[in-house]
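Note that the coordinates shown come from a computational prediction; the quantities given were computed from them, not determined experimentally.
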Protein chains: 2
Amino acid sequence: MVKLSDVARLAGVGVGTASRAISGNGAVSPESRRRVLAAAEELGYRPNAAARALRERRTRAVGLLLPDIVNEFYTASAAVIQSDLDDAGYQLVVGVTGNDPRAERHAVRTMLDRQVDGLIHVPVDPHVELPADLPAVQLNRHSDPLRVSAVVSDDVAGVGELTSAVIGAGHTDLVAVIGAPEFSTSRDRLAGYRRAVAAAGIPEAGAAPAERPAAGRRSRVLTGPFTSQWGYDALTGIAGDRPQALIALSSRLMMGVLRACGDLGLRIPEDISVAGLGDPEWFSVWRPGITTFAPALADMGHHAATEVLRAIEEGPAAGAPRLERLPGRVRVRGSVQGLGAAPAPV
Amino acid sequence: MVKLSDVARLAGVGVGTASRAISGNGAVSPESRRRVLAAAEELGYRPNAAARALRERRTRAVGLLLPDIVNEFYTASAAVIQSDLDDAGYQLVVGVTGNDPRAERHAVRTMLDRQVDGLIHVPVDPHVELPADLPAVQLNRHSDPLRVSAVVSDDVAGVGELTSAVIGAGHTDLVAVIGAPEFSTSRDRLAGYRRAVAAAGIPEAGAAPAERPAAGRRSRVLTGPFTSQWGYDALTGIAGDRPQALIALSSRLMMGVLRACGDLGLRIPEDISVAGLGDPEWFSVWRPGITTFAPALADMGHHAATEVLRAIEEGPAAGAPRLERLPGRVRVRGSVQGLGAAPAPV
DNA sequence: CTGTTAGCGCCTTCAT
DNA sequence: ATGAAGGCGCTAACAG
C-alpha cells in the first residue's frame, strides 16, 4: 500500500504539501504541485478512504435502504440514485429491509456504524429512530406526520386520473385491489381511487353480496398484502360476482390478477377490464397492453439523491421537512374495454 | 459521538480492557466485562467503523459490481449475496458497470479506494486489472482463461436440454437469438444450442434465404446486443421466412420477441413456438406460459458469497482458480407446440 | 488479568 | 508556500 508519505518523499516535499497538492485545498507552488502529482501517478497512489473518513469525519458514502432489491419498482429509482451519487463522488451502500421492522432497525444500525453521510430509505416502520443530525430522505413512502423530507409519487392524483379514465370508458362496477394500509402508498392510492369513484357518484359496497346496491353501480375495495398471491386470491375470491373493471394497485398485485384471469378463463378486456400501477416493461408487451398509472420512479430517485446531497453539503434545510409529490403518467393501453386505442400503443 | 474511552471511563477500566470486553478478543474478568457491557449499553456506544478499518486494515465490506441494477437476472443473485454477507457481518457496496469497460474500470477503482475486503463481479472486460491479493469471484460470466474463481450457470447443459426438448417436440426449423459473443454467457448458450441441434442432425444455415437447405430442416443463429430491441428486430427481420420455433437466449430478448409476435399477429404456439432463458415471474403468468431454461440465480449468488467470504477469511484457495457451473432447470410450459402440458403449469 | 502506549493514513493547524 | 506535529477512534503489543 503506497501512502501519502511515500508520494511526498518521492516528490521531495513534506506530507503537508503533498496533501494540499492532491486535495487542492490550500496553496501550493505550481512546481511542487507538478512534482507531487507526477509522483502520485508514478506510484499509483490512491488515498485511503478509511483514514480520510476517520480524519474528516465523513465517509462519502450514502446508505440506501430498500424493502426488496429484486423489485424493479425500487431498483428503477435505485439506478438513478446510484448514478447521481457516483457523479457527486459518493458511494452507495445498500441495505435490505424486506418490509420487516426488525430488519429495518438492523439495517439502520449497520448504516450508522458505517457512518454513512446520509440515508435514503423506503420506510417500513414510521417510528424508526434516526439520529436527528443525519441527513435523510424518505423515498416512495413517507411517515405521517413527516419527520424527515420525503420524495413520493403523487399517487392520489395519478390513481385518481387512472380511475376516472376507467369510469369514463363506461365502467360503473369496480373493484380495487390494494396492499396493507400501514403504508402511505396504500392510503394515497386508495384515496385517489375513492375520490374518483365518489366524484362519479358510485357508492362503495361491502364485500358481501347482500350489500349490493343498485345493479351495476358499485365499488369494492379489497385489502391485503402487496403480493402476487394476494392479487390472485382477491380476484378468485370474487369470481362469482365479478366487476366490470378491476384496478390492481401494484405490479405485483397485477401479476396475481393476470394469473387468476388465466386460470379462470377470463378474457381481457372482453370479460373484465383491468388497470394497474407501475410500469414494468412486460406491461406494454402483454396483449392487450396493460393500462396503468406509472409513477416517475427515475425522477423520484433523482430528487431524493439531490436532496440528500444537498443536505449533506449544505446542512439541514431550513424549516419543516418537505413532502415532494412527483407527478407520474397514466398510460392507456388495451386492457380497459372502451378505453384503449385499437392495437394497444406502447 | 460516544467513543470507547467514554465507555472505559464510565466502567472504571482502561480502554484496552473495554476494547477486549466488547470485541471478545483477549481475556477479561467476568466482572469487568459486565461493567463494560453495561456502560456501553447505557451510553449507546457503537464502534467507529472507519477507525476500526484503519487499524485492522479491513473494512468488512464487500463490493458487488453489476451491469444493471434493475435487471432481475442480476438482482436475484444480489439479494442472496446481500443476505449472506449480512449474516456474516459484512456490508454490501454496490457499483454499476452498465456493461461498459470504462465504467467498469471506474467502479473497480472506487471499490479499491473503499478498501473493500472482497469483490464479486459480473465481468465486462475480461482484462480488467484487479490486485492479485484481492479476494474476488466472478459471477454469471467468466473471463477466459480464468483469472479468478467464477460461479456461473451451466448454460451449455441447460440450453442444450431446452433445445433438445424443442426438437423432441417435433420442430426441425429453428432460430436462436443471442447476445454479443464477447460474453461467456453468449458463447455457452450458443454452444448448448448448437450441440443439441447438431445431435439431431439439423444443419446450420446462413441468414440468406439462398442458403436454405432441405426444406424444413435448418438452424439459424441471429447475433446482436442483449436487448429487447434486438429481440424485436431479430424476429421481424425474418418474419418473411419464419422458423417453426424460436429460442431467445435471455429474458430481455424474449421481451422483444413477444412484442414482435404481437405486432406481427403471430400466435404462440400455433404460428410459432418460442422458448427462452431466465425465469422472471411474468414468464409463467404469460399465456401460454413461456418454456424456458432457468439458471439457478439464487444458488449462484450463494456460492459466490460463500467463496468470497472463504477467501477473505482463509486466504486464497490453493491451486488454480475454479470455475463452478451450477445446474439450472428447464421449465416446460405452453409456448412450445407439442411440448407443454395442457393448461400451462406454473 | 489489566492499563498504557504506539501507531493505522490522513488532514490541518501552527510556526516558519 | 511549506515542514513538523497532533490527533481522528480503535486495536494489539507490552509491561506490569
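When rounded to the nearest whole Å, the span between CD of E56(B) and C1' of dG7(C) equals 14 Å. We find that CD1 of I22(A) is positioned 8 Å from P of dC11(C), with the value rounded to whole Å. When rounded to the nearest whole Å, the span between CZ of R9(B) and P of dG3(C) equals 14 Å. The separation between M1(A) atom CE and dG9(C) atom P is 7 Å, rounded to whole Å. Across the protein-nucleic acid pair, R58(A) atom CZ and dG9(D) atom P stand 17 Å apart, rounded to whole Å. Straight-line distance from the CG atom of N25(A) to the C1' atom of dC10(C): 13 Å, rounded to whole Å. Taking atom CZ on R35(A) and atom P on dA1(D), their separation rounds to 16 Å, with Å as the unit.
Look at S19(A) and you won't find any side-chain N or O under 4.0 angstrom from OP1 or OP2 of dC10(C). Residue R46(B) places no side-chain N or O under 4.0 Å from the OP1 or OP2 atom of dG9(D). Taking 4.0 angstrom as the limit, S32(A) places a side-chain polar atom (N or O) nearer than this to OP1 or OP2 of dT2(D). Between dT2(C) and S29(B), a contact under 4.0 Å exists linking OP1 or OP2 to a side-chain N or O. Side-chain nitrogen and oxygen atoms of R52(A) include at least one within less than 4.0 Å of the OP1 or OP2 phosphate oxygen of dC11(C). Listed pair T17(A) / dG3(D) meets the phosphate criterion, a side-chain N or O lying under 4.0 Å from OP1 or OP2. Contact annotation: R57(B) reaches the phosphate of dG9(C) (side-chain N/O to OP1 or OP2, under 4.0 Å).
Contacts of L54(A) with the nucleic acid, taken as non-hydrogen atoms under 4.0 Å apart, include base atoms.
In E41(B), the CD atom is not crowded: 12 or fewer heavy atoms of neighbouring residues, nucleotides or ligands sit closer than 6.0 Å.
Although no hydrogens or angles enter the test, the distance criterion places a donor-acceptor pair under 3.5 Å between the side chain of T59(B) and the main chain of Q115(B).
Nearest-nucleotide mapping onto DNA chain D: of V13(A) and V2(B), the residue sitting toward the 5' end is V13(A). In terms of position on DNA chain C, the residue among S5(A) and R55(B) whose nearest nucleotide sits closer to the 5' end is R55(B).
The cationic group of R141(A) lies under 6.0 Å from the six-membered ring centre of F183(A) and within 45° of the ring axis, placing it in a cation-pi geometry.
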Any chance you could lay out the side-chain contact (heavy atoms from CB on, under 4.5 Å) test for V80(B) and D84(B), step after step, and finish with the verdict? CA-CA 6 Å; V80(B) 176; D84(B) 284 357; 3.9 Å; yes

Review item, nucleotides 13-16 of chain C N/O atoms under 3.5 Å of protein N/O:
none

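L92(B) approaches L64(B) most closely through the heavy-atom pair CD1-CB, 3.6 Å. Considering every non-hydrogen atom in both I69(A) and A78(B), the closest pair reads CD1-CB, 4.2 Å.
With values rounded to the nearest 0.5 angstrom, E42(A) atom CD is found 12.0 Å from D6(A) atom CG.
Looking at the side chain of K3(A), the nearest of the listed nucleotides dC11(C), dG9(C), dT11(D) is dG9(C).
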